[in-house]
Structures are given as C-alpha cells and as structure tokens.
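Because the structure is a prediction, the values reported are computed rather than measured.
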Amino acid sequence: MSTSPDQTFAERIVELKEEKSAVILAHNYQIPEVQEVADLVGDSLELARAAATIDADVIVFCGVDFMAETAAILSPEKTVVLPAADACCPMAEMVTAGEVRVLRERFPEAAVVAYVNTSAAVKAESDICCTSANAVAVVESLDAEQVIFLPDRNLGRYVARFTKKEILPWEGYCIVHDRMTADEVTVARRAHPNAEVLVHPECRPEVIDLADHVFSTSGMVRHACASPTSEFVIGTEVGLLHQLEKKCPGKVFYPLSKKAVCVNMKKTDLAKVLAALERCEPRVTVPEETAARARAAIRRMLDVPIP
C-alpha cells in the first residue's frame, strides 16, 4: 500500500525533530494534520509558557506571527521559525506602538494591558500582557484603578464584567469571533437543545450573554472533557473541534458558525513544517532593545498565578 504525501511528510518531520533538537508548538486552530505532529497543542498562554521553558534548540511555531515573536522574545537563544511566513493576525495589526504612546500621554495614571495578540513593539510599550485565559487575573493583579486594554474591545468589555477597575478598551477585534451573532446562538440552541454553548471571550457581548460558559480554547477542552454533558456548541474557530473530539471521545461538538475559519491559521501545512525544519527558516527574530521591554511585560503576565 502506498503512503500518502502527508504520511511521508509526518515521518520525515519526526526524524528531523530528533536530529535538530527541535520541538513543534501548535495553536488549537491549526489544521488537524499539523496538530498531530506537534509536541504541544494549546492556547496562547500554554504556548507562551512552553516557549519560555522548553528544552530545545529549535522551536517550530505553527500559528501566526505574534506567537512566534513571543517565543523568540522569551527564548532568544533558540532558533524560532514560523513555517507560514505570511501568517499574520489582523487584530494584532489594529494597534501600533505609536498609538500606545499617545494613549499613555492621554491617560498617565492608567496601566496598559496588551493582549498577546499584539506586535512585539506594542508589547514593549505596555506594562503587562495577558491572554484570554488569564485576562481578568492580570487586570486584578495591577495597582492601577484605570486600565487601557488593547487591542480587543470584546475581551476588554468581558474583563470589565469582573473588575471594579475602569477598563478603557481599544477598538480592535478578531475578525473571526466578532462576526459570530446572537441569532446564530439562538439557531444553534433550537437545533441542539441538549447542548451546552461554549464561546470565546473575543465574541461580542450579546453572544457572550447567551452562552452557558465563556472560556479560552484550552479552557473549552478542559470543561468539555469534565462536564457530564455530551453535546456542545462551540463558539470559536473551527480548528478547536479536532482537539475536542480527540480528547473528549464519545461527545459531540457542533461549531456555532461553520464560517468561523481563520485563514491565517490555516496557512501552515505539513509541507511547510517540513521545509521549516529542514532549513530552519523562515526565522523570527526581535531586536533586543524591543525584545527586552516586551519580555518584561510578558514575564509579568507569566508571574500572575494561573486562574
């Protein structure tokens, strides 16, 4: 029986990982084939922690640009490669370092919290970073009573529900989560009346209001596996369904929207992973002047206890 190209790629990837002392980190939104060759699949917080501590010479980051930048910032001694060099995050591009400096001048008493979905330059202008998994805990860890939260307005408004601090959200958004609607939740509940509805905090407030629970991607996996419920409607990028079905066998998962596809997360395939391992390119680096300041903001986040 002949082997498929993907099987051949996967076998060679395993060989090269050992030869080059490499690890593959993959976000939950990656295609299933890429998730299957990864050493760790997770959300942004899990992957950031791994990048800071993992024992390897090479990190192959299967995600988007800001994730590989974060790995390069936390592990400057390692070679960090991004198989799909053009895999960007549109939300991360919705705020610039110059805009953060203007905000600091306008609100001098405010702390600046940067979602990890930002560039290294923006992180360098911020006090602390956060992910969707720890955003509330990060905000609560600050002494400041006024918090500039960027770039995601939806996550910022979600955090505001759980703190007495004044949240000043920037008007950025995730193009995948922001287009999910309350009507889609209503339709999903009619179609699957016994299902729990889990949504991501990057969703609009009216979607969050109709959900049973709000979690980061890995939080969704943990909850679904532990819950006695056997059916779930999943309000996030469709790539997560692979991890849900793999880790919660016997349970059924329905996407809230079949259109919830991040095209940038889907740019990585096994051929690109293999090429990245073979050449250790495209390499992601961050100038040390920027990296040192961004590293401080990221490490402050990592020092906040996991909620």
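Ile13 and Val34 end up in the same hydrophobic cluster when Ile, Leu, Val, Met, Phe, Trp and Tyr side chains are linked at under 4.5 Å. Cluster annotation: Ile298 and Val64 are assigned to the same hydrophobic cluster (Ile/Leu/Val/Met/Phe/Trp/Tyr, side-chain heavy-atom contacts under 4.5 Å, transitive). Following chains of ILVMFWY side-chain contacts shorter than 4.5 Å, one can reach Val147 starting from Met301, so the two form part of one hydrophobic cluster. The cluster map of Ile, Leu, Val, Met, Phe, Trp and Tyr, joined by side-chain heavy atoms under 4.5 Å apart, puts Ile208 and Phe149 in the same cluster. One hydrophobic cluster, built from ILVMFWY side chains closer than 4.5 Å, holds both Leu45 and Ile54.
Salt-bridge check for Arg49 with Glu46: failed, with every basic side-chain N at 4.0 Å or more from each acidic carboxylate O. Salt-bridge check for Glu237 with Lys266: passed, with a basic side-chain N closer than 4.0 Å to an acidic carboxylate O. A salt bridge links Asp178 and Arg204; the closest N-O separation between the charged side-chain nitrogens and carboxylate oxygens is under 4.0 Å. Salt bridge absent: Arg283 and Glu69 never bring a charged side-chain N and a carboxylate O closer than 4.0 Å. With salt bridges taken as basic N to acidic carboxylate O contacts below 4.0 Å, none links Lys78 and Asp55. Comment: Asp212 engages Arg189 in a salt bridge, judged by a side-chain N to carboxylate O separation of less than 4.0 angstrom. Checked for salt-bridge contact, Asp127 and Arg104 meet the test: a charged N lies under 4.0 Å from a carboxylate O. Between Glu288 and Arg295 there is a salt bridge, with a side-chain nitrogen of the basic residue lying less than 4.0 Å from a carboxylate oxygen of the acidic one.
When only modelled atom types and interatomic distance are considered, Glu231 and Tyr254 share a side-chain donor-acceptor pair under 3.5 Å. Counting only N and O atoms by type, the side chains of Asp152 and Asn117 include no donor and acceptor under 3.5 Å apart. Side chains of His223 and Glu196: a donor on one and an acceptor on the other come within 3.5 Å. For the residue pair Gln146 and Glu166, a side-chain donor N or O sits within less than 3.5 Å of a side-chain acceptor on the partner. Neither side chain, Glu11 nor Thr8, offers a donor N or O lying under 3.5 Å from an acceptor on the other. Side-chain contact check for Ser218 and Asn28: at least one donor-acceptor pair (N or O, by modelled atom type) lies under 3.5 Å.
Here the closest non-hydrogen pair linking Val176 and Val261 is CG2-O, 3.6 Å. For Ser216 against Ser132, the heavy-atom pair with the smallest separation is CB-OG, 3.4 Å. Pro83 and Thr268 make their closest contact through CB-CG2, 4.0 Å (heavy atoms, listed as atom of the first residue, atom of the second, distance).
Ring-plane geometry between His177 and Tyr29 is classed as tilted, the angle between the planes lying from 30 to 60 degrees on a 0 to 90 degree scale.
Counting non-hydrogen atoms of neighbouring residues, nucleotides and ligands closer than 6.0 angstrom, the CZ atom of Phe215 exceeds 12 such neighbours.
Rounded to the nearest 0.5 Å, atoms CZ (Arg12) and CG (Leu16) are 4.0 Å apart. Here Cys129 contributes atom SG and Asn134 contributes atom CG; the two are 9.5 Å apart, rounded to the nearest 0.5 Å.
In summary, of the residues considered (His27, Lys246, Gln243), a side-chain hydrogen bond (donor to acceptor under 3.5 Å, both in side chains) with Gln35 occurs for Gln243 alone.
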